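For reference, the structure discussed in these notes is given below.
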Amino acid sequence: MKRKVIKGALYGFLGTYMSRYSEYDRYWLFGFLVSDLQHLRIDLLASTGGSAEDSPDSYAIALAKMKFRDQVAKARLSVSYVRAAELELVSEPHTTRESSMAIRATDIA
């Protein structure tokens, strides 16, 4: 049962994180990331530190951590139940555009 609930929280997390409401400076956050990003791995369980408004990258990290914890709480799970949670943002070559971004949720135990 817990595994199903965790999967639901993951889908909710990715849906809210990638939504058009993820904004930076009043624009879609990922529009800022796709041109410069090569590889970014985010430990979703690590504490948030520093200013989240410094750059699109730091804002994306802080937002991912916040949205993940929010979705886990909405699923009525304790974050302590999750052993590891990482989000990997990777810019990959694309045939029709300069680059595209792939998002992988990895190592949810």
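FYI, the numbering just counts along the sequence from 1. Source: prediction; values computed, not measured.
- Closest approach of Lys67 and Ser22 over heavy atoms only: CE-OG, 4.3 Å.
- Between Leu44 and Phe13, the closest side-chain pair of non-hydrogen atoms falls below 4.5 Å.
- Tyr11 and Tyr17 sit in two unconnected hydrophobic clusters of ILVMFWY residues. Membership requires side-chain heavy atoms under 4.5 Å apart, directly or through other members.
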*asked:* With side chain to side chain contact (heavy atoms under 4.5 Å, CB included) as the criterion, how do Leu45 and Val82 come out once you've worked through the C-alpha distance, each side chain's angles and the decisive distance to 0.1 Å?
replied: CA-CA 8 Å; Leu45 298 177; Val82 182; 4.2 Å; yes

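- No side-chain N or O of Thr16 forms a donor-acceptor pair with one of Ser19 less than 3.5 Å apart.
- Side-chain atoms of Arg69 and Val79, non-hydrogen and from C-beta on, do get closer than 4.5 Å to each other.
- Under the rule for a salt bridge (Lys or Arg N to Asp or Glu O under 4.0 Å), Asp43 has no partner lying at least two apart in sequence or in another chain.
- Inter-residue side-chain proximity for Leu87 and Leu14 is flagged as met; some heavy-atom pair is nearer than 4.5 Å.
- For the pair Ile42/Glu86, no side-chain contact is recorded, criterion being any heavy-atom separation below 4.5 Å from C-beta on.
- Expressed to the nearest 0.5 Å, how far CH2 of Trp28 lies from CE of Met18 amounts to 4.5 Å.
- Tracing side-chain contacts under 4.5 Å through hydrophobic residues (I, L, V, M, F, W, Y), one never reaches Tyr21 starting from Ile61; they form parts of separate clusters.
- Note that the CD atom of Glu23 and the CG atom of Leu63 stand 10.5 Å from one another [nearest 0.5 Å].
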